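Read through the structure below, which is laid out as structure tokens, and then see the notes.
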Amino acid sequence: MSVDANFAPESAEELLEGLRSVAAATVKGQWTAIRDEMTYQLGFIAQKTAKVMAQRAARRSPSSLLT
């Protein structure tokens, strides 16, 4: 997020509002990055799990499936 170098609050309330808006935008950006990374990692884990499960199922003999 760009910062306005000319920001000159006229009151403590205006300063607080400016700080809140910068903090909220920063948190939102970081949360989005964290969410995207977690989505990628969980998808990767799911793919690897499905692959291993398929490999294990393929190695089982048909008679072992009856027990």
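Quick caveat, the model's predicted, so the values are computed rather than measured. Counting begins at 1 with the first residue of the sequence.
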ask   = Taking ILVMFWY side chains as joined if any heavy atoms are under 4.5 angstrom apart, and letting links pass through other members, which residues group with Phe7?
value = Leu15
Would you tabulate the side-chain donor-acceptor contacts of residues 27-36 under 3.5 Å, counting partners in other chains and residues two or more places apart, or write 'none'?
{"from": "Thr32", "atom 1": "OG1", "to": "Lys28", "atom 2": "O", "distance (Å)": "2.9"}

Can you list, pair by pair, the side-chain donor-acceptor contacts under 3.5 Å of residues 49-56, counting residues two or more places apart and other chains?
{"from": "Thr49", "atom 1": "OG1", "to": "Ile45", "atom 2": "O", "distance (Å)": "2.8"}

request  = Not counting sequence neighbours, which residues clear side-chain hydrogen bond (donor to acceptor under 3.5 Å, both in side chains) with Glu37? List them please.
outcome  = Gln41
